[in-house]
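In what follows, a single structure is set out as structure tokens and then discussed.
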Amino acid sequence: MAQVAVVEDERAVREVVGFHLERAGLKVVLLPDLPDSAALEGCDLLVLDWMLPSGSGLALLRRIRVHPELSRLPVLMLTARAGELDRVEGLESGADDYLTKPFSAAELVARVRALLRRFQPQASEGRLQNGPLSIDLDAAEVTLAGHRLDLTRREYDLLVFLARHPGRLYSRGELLDRVWGPDFLGGERTVDQHITQLRAHLGEDISAPRFLETVRGRGYRMRLCP
Ligand code: CA
């Protein structure tokens with residue numbers, strides 16, 4: 001039976017959501033405020049309110065996305081804010097779906113079921129391929145034109161993050177947040193150093209990088225090889 005954590009401070013909403021999810025055959029854990037990461041281990045899905053007594057659900061979402069065990073936990077955000085900008089912010093922060101209050105119980109249950117289906121554990125995470133660059137996500141192994149690259153854990157995480165979002169520009173701050181995590185104390189130079197190291201591994205021509213592009217004054221992005 002799939003287990004769903006519901007983080008919602010409004011008691012009435014929390015109980016209604018819990019009631020309908022249980023009736024849909026799911027095991028439910030009800031939480032009135034931001035939980036420790038440990039409270040979410042073993043959950044298959046998180047229903048997360050945006051505004052909570054001790055902070056923003058988005059802050060928790062960002063921590064989850066860089067947490068080693070929870071990074072793939074599907075998250076359905078609940079919010080009273082219906083603005084398009086908020087919606088985009090929620091999705092860009094790593095929410096998988098989004099529901100604006102007030103919502104119907106039927107819609108909530110349908111969205112939860114759809115997310116659970118989408119995130120059913122896969123036998124294999126598969127492979128990211130970009131031209132001659134190949135990342136085996138199960139073995140955590142990177143090869144370039146068939147030659148294995150010897151990367152540190154952080155170099156690997158940074159490369160995988162950029163390779164998962166090809167063409168998308170990330171600022172140094174965003175990369176620190178998403179790859180190193182919000183608790184990391186180092187500065188943005190750390191990102192530059194790791195990009196330099198990755199480029200060395202990839203044999204990049206600095207004046208015309210094939211994979212790791214610098215966008216001056218803004219950040220970095222992974223180019224898609226033709
Ligand atoms: Ca709230």
Side-chain angles (χ1 to χ4, degrees), residues 1-121 161 164-165 168 170-171 173-185:
M1 187 191 290
Q3 179 167 313
V4 179
V6 178
V7 180
E8 165 62 77
D9 58 315
E10 285 170 69
R11 187 170 162 190
V13 177
R14 188 169 70 238
E15 289 181 350
V16 167
V17 166
F19 172 80
H20 286 282
L21 291 178
E22 273 179 2
R23 213 175 57 165
L26 299 165
K27 189 161 184 283
V28 180
V29 181
L30 297 178
L31 301 159
D33 198 356
L34 293 172
D36 291 339
S37 307
L40 301 176
E41 282 169 24
C43 287
D44 301 293
L45 188 141
L46 171 63
V47 176
L48 178 61
D49 188 26
W50 188 308
M51 309 287 272
L52 291 156
S54 62
S56 153
L58 277 189
L60 173 65
L61 181 55
R62 292 198 188 97
R63 284 206 302 282
I64 287 173
R65 285 294 171 254
V66 296
H67 187 281
E69 266 90 55
L70 299 174
S71 61
R72 290 171 59 77
L73 179 69
V75 176
L76 172 66
M77 286 292 290
L78 299 182
T79 177
R81 303 160 67 174
E84 177 69 12
L85 195 66
D86 296 331
R87 207 183 80 82
V88 170
E89 190 187 355
L91 293 175
E92 287 199 342
S93 304
D96 299 291
D97 200 0
Y98 200 97
L99 213 46
T100 304
K101 296 175 187 173
F103 50 82
S104 76
E107 179 164 26
L108 174 87
V109 169
R111 299 278 189 102
V112 164
R113 282 200 168 126
L115 273 183
L116 285 171
R117 270 198 306 276
R118 202 169 112 203
F119 284 83
Q120 263 169 3
F161 180 77
R164 279 189 197 278
H165 308 94
R168 162 109 198 250
Y170 287 96
S171 70
E174 283 173 317
L175 290 172
L176 274 182
D177 212 38
R178 301 289 293 270
V179 177
W180 277 262
D183 299 330
F184 180 70
L185 296 175

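Ligands are counted one by one from 1 in listed order, and the atoms in each one are counted from 1 as well. All values below were derived from every heavy atom in this structure, side-chain atoms included, with hydrogens, water molecules and symmetry-related copies excluded.
Taking 3.0 Å as the criterion, Glu10 does not count as a coordinating residue of the Ca ion (ligand 1), since none of its N, O or S atoms falls below it. With a cut-off of 3.0 Å, the Ca ion (ligand 1) has an N, O or S atom of Asp49 in range.
The backbone N or O of Tyr98 sits less than 3.5 Å from a side-chain atom of Arg111, completing a donor-acceptor pair. Counting only distance, with no hydrogens or angles, the side chain of Arg118 and the backbone of Arg113 share no donor-acceptor pair below 3.5 Å.
Closest approach between the Ca ion (ligand 1) and any N/O/S atom of Asp9 involves OD1.
Annotation: side chain to side chain donor-acceptor pair (under 3.5 Å) contacts involving residues 39-49, sequence neighbours excluded, comprise Asp49-Lys101.
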Side-chain donor-acceptor pairs of residues 54-62 under 3.5 Å, sequence neighbours excluded:
residue, atom, partner, partner atom, Å
Ser54, OG, Asp33, OD1, 3.0
Ser54, OG, Asp33, OD2, 3.1
Ser56, OG, Leu58, N, 2.9

